[in-house]
Amino acid sequence: MKAYVPGHGVHAEVGDQIVVGGPTVGTPGRDGEVIALHHDDGTPPYDVRWSDTGRTSVFFPGPDAHVRHLHAERMSAARSNSTQSER
């Protein structure tokens, strides 16, 4: 198995959000939380709990899916808040 190389392919961590576009224009997509990884390097597939149904499935991302790295967003927000409080 090849090691994950940043910038190449899909990579997720537990707690990240998977967002999948709708199948046609005007049709809503869906999103879910990555609750488990099948590979230590964060490559697919993922166990995802879908927000619209609460069900969990094994998910292989297609071209209409992307990962929101929520841990990075939380860290960025925390840094921003600490910088503002220092002023």
Side-chain angles (χ1 to χ4, degrees):
M1 175 163 64
K2 293 182 180 179
Y4 170 70
V5 178
H8 292 84
V10 178
H11 176 262
E13 295 182 18
V14 172
D16 285 348
Q17 181 182 40
I18 298 285
V19 180
V20 183
T24 59
V25 175
T27 305
R30 68 191 306 209
D31 65 279
E33 178 185 358
V34 176
I35 59 169
L37 304 175
H38 289 249
H39 302 286
D40 292 336
D41 64 355
T43 56
Y46 309 115
D47 289 347
V48 176
R49 181 181 307 114
W50 299 103
S51 64
D52 57 347
T53 63
R55 299 182 79 172
T56 300
S57 65
V58 176
F59 179 69
F60 292 83
D64 59 341
H66 67 274
V67 177
R68 287 188 59 214
H69 300 285
L70 299 180
H71 60 280
E73 290 179 16
R74 283 190 293 267
M75 288 176 59
S76 177
R79 268 189 252 122
S80 176
N81 289 340
S82 68
T83 302
Q84 290 176 357
S85 66
E86 292 173 1
R87 293 180 187 179

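Every value quoted in this text rests on a predicted model; they were computed, and no experiment measured them. Residue numbers run from 1 in the order of the sequence given. Side chains included, hydrogens not; waters and symmetry mates left out as well; all remaining heavy atoms used.
- The distance from atom CH2 of Trp50 to atom CD1 of Ile35, rounded to the nearest 0.5 Å, is 11.0 Å.
- The OG atom of Ser51 lies 12.0 Å from the CD1 atom of Ile18; values are rounded to the nearest 0.5 Å.
- Residues Val48 and Thr56 have side chains not in contact (no heavy-atom distance under 4.5 Å, counting atoms from C-beta outward).
- Two residues are said to be in side-chain contact when any heavy atoms from C-beta on lie closer than 4.5 Å; Asp31 and Arg68 fail this criterion.
- For the pair Tyr46/Leu37, a side-chain contact is recorded, criterion being any heavy-atom separation below 4.5 Å from C-beta on.
- Counting heavy atoms from C-beta outward, Phe59 and Val20 have side chains that approach closer than 4.5 Å.
- Following chains of ILVMFWY side-chain contacts shorter than 4.5 Å, one cannot reach Val19 starting from Val67, and the two form parts of different hydrophobic clusters.
- Residues Pro45 and His39 have side chains in contact (heavy-atom distance under 4.5 Å, counting atoms from C-beta outward).
- When all heavy atoms of Pro61 and Pro44 are compared, the closest pair comes out as CD-CB, 3.5 Å.
- Expressed to the nearest 0.5 Å, how far CG of Leu70 lies from CD of Glu13 amounts to 10.5 Å.
- Pro23 approaches Thr27 most closely through the heavy-atom pair CD-CG2, 3.6 Å.
- Shown here is Arg30, whose CZ atom has more than 12 heavy atoms of other residues, nucleotides or ligands within 6.0 Å.
- Interatomic distance, CZ of Arg55 versus CZ of Arg49, reported as 13.5 Å (0.5 Å rounding).
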